[in-house]
Structure formats: structure tokens, C-alpha cells
Amino acid sequence: MKENKLLADFLRDKRIESGHSQMDVAKKLGYTSAQFVSNWERGLSSPPIHTLRKLSELYEIPPDMLFDITLKTMINQVTVDLRKKFYGKKGKG
């Protein structure tokens, strides 16, 4: 299960809605490869916090909306991690 899925899907959807390619976004953020954006959108990693602010401007969405999605994603990650540690690899039960 990808704990970053909420943020990943949101970032992908907003990028597409804004009409940018992954490479466009990467270049505007100062990255040399679209791989960074791809990894965020697949839930393999998350953008740094300062980059999230830039993404809200680039995608023309309220920063609070991106903050809320990021917070929910982080809570999901902590919940999954804690469940694994508490219950073992299988999770609950």
C-alpha cells in the first residue's frame, strides 16, 4: 500500500488540470529531470515543503488546500507505520 497515494494522486491531477507536463514542472522548480515529479506522483517520495508552496502557485490552487492534503497524507503514513510497529508486518489482528 502506498501511504503517499492521497498526495500523489492530487499532485498528478492538479498538474494535468493546469496543463503542464512533468518536465515543465521540473524545469520551473529548478530540477533537471522529470523523474522527481514522476516519483511524487507515483507516491514514491514527497516534494519538500518549500516546493509544495511553489506547486500551489504553479497549479493555481490555494496553499491551504495543498496543506490539508499533505497533512492527511502524513497522518496516513504515521498511522500505517505505527500499525506495522505495533501489530507487526501483517497489521491488525
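Remember, it's a predicted structure, so these values are computed and weren't measured experimentally.
Looking at heavy atoms from C-beta onward, Ser46 lies out of side-chain contact with Thr70 at the 4.5 angstrom threshold. Contact annotation: the side chain of Leu66 approaches that of Leu7 to within less than 4.5 Å [non-hydrogen atoms, C-beta and beyond].
Both Ile61 and Ile49 sit in one connected hydrophobic cluster of ILVMFWY residues. Membership requires side-chain heavy atoms under 4.5 Å apart, directly or through other members. Residues Leu6 and Leu82 fall into different hydrophobic clusters, defined by Ile, Leu, Val, Met, Phe, Trp and Tyr side chains chained together at heavy-atom separations under 4.5 Å.
Separation of atoms NZ (Lys72) and CG (Asp68) is listed at 6.0 Å; rounding is to 0.5 Å. The line from CZ of Phe10 to CD of Glu17 is 8.0 Å long, rounded to the nearest 0.5 Å.
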Exercise answer: donor-acceptor pairs, residues 24-34 side-chain atoms, under 3.5 Å, sequence neighbours excluded:
unit_1: Asp24; atom_1: OD1; unit_2: Ser21; atom_2: OG; d: 3.4
unit_1: Asp24; atom_1: OD2; unit_2: Ser21; atom_2: N; d: 3.0
unit_1: Asp24; atom_1: OD2; unit_2: Ser21; atom_2: OG; d: 3.2
unit_1: Ser33; atom_1: OG; unit_2: Gln35; atom_2: N; d: 3.0

Could you pull out all donor-acceptor pairs under 3.5 Å where a side-chain atom in residues 50-59 meets a protein atom, sequence neighbours excluded?
unit_1: Ser56; atom_1: OG; unit_2: Arg53; atom_2: O; d: 2.7

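Ion pairing between Lys84 and Asp81 fails under the 4.0 Å rule for side-chain N and carboxylate O.
In Met74, the CE atom is not crowded: 12 or fewer heavy atoms of neighbouring residues, nucleotides or ligands sit closer than 6.0 Å.
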Under the side chain to side chain donor-acceptor pair (under 3.5 Å) rule, what do Arg42 and Ser38 come out as? Steps first, then yes or no, please.
-> CA-CA 6 Å; Arg42 291 184 296 142; Ser38 175; 3.2 Å; yes
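Think of Phe67 as one node in a network of Ile, Leu, Val, Met, Phe, Trp and Tyr side chains linked at under 4.5 Å; its network also takes in Leu71, Ile75.
Ala8 approaches Trp40 most closely through the heavy-atom pair CB-O, 3.2 Å.
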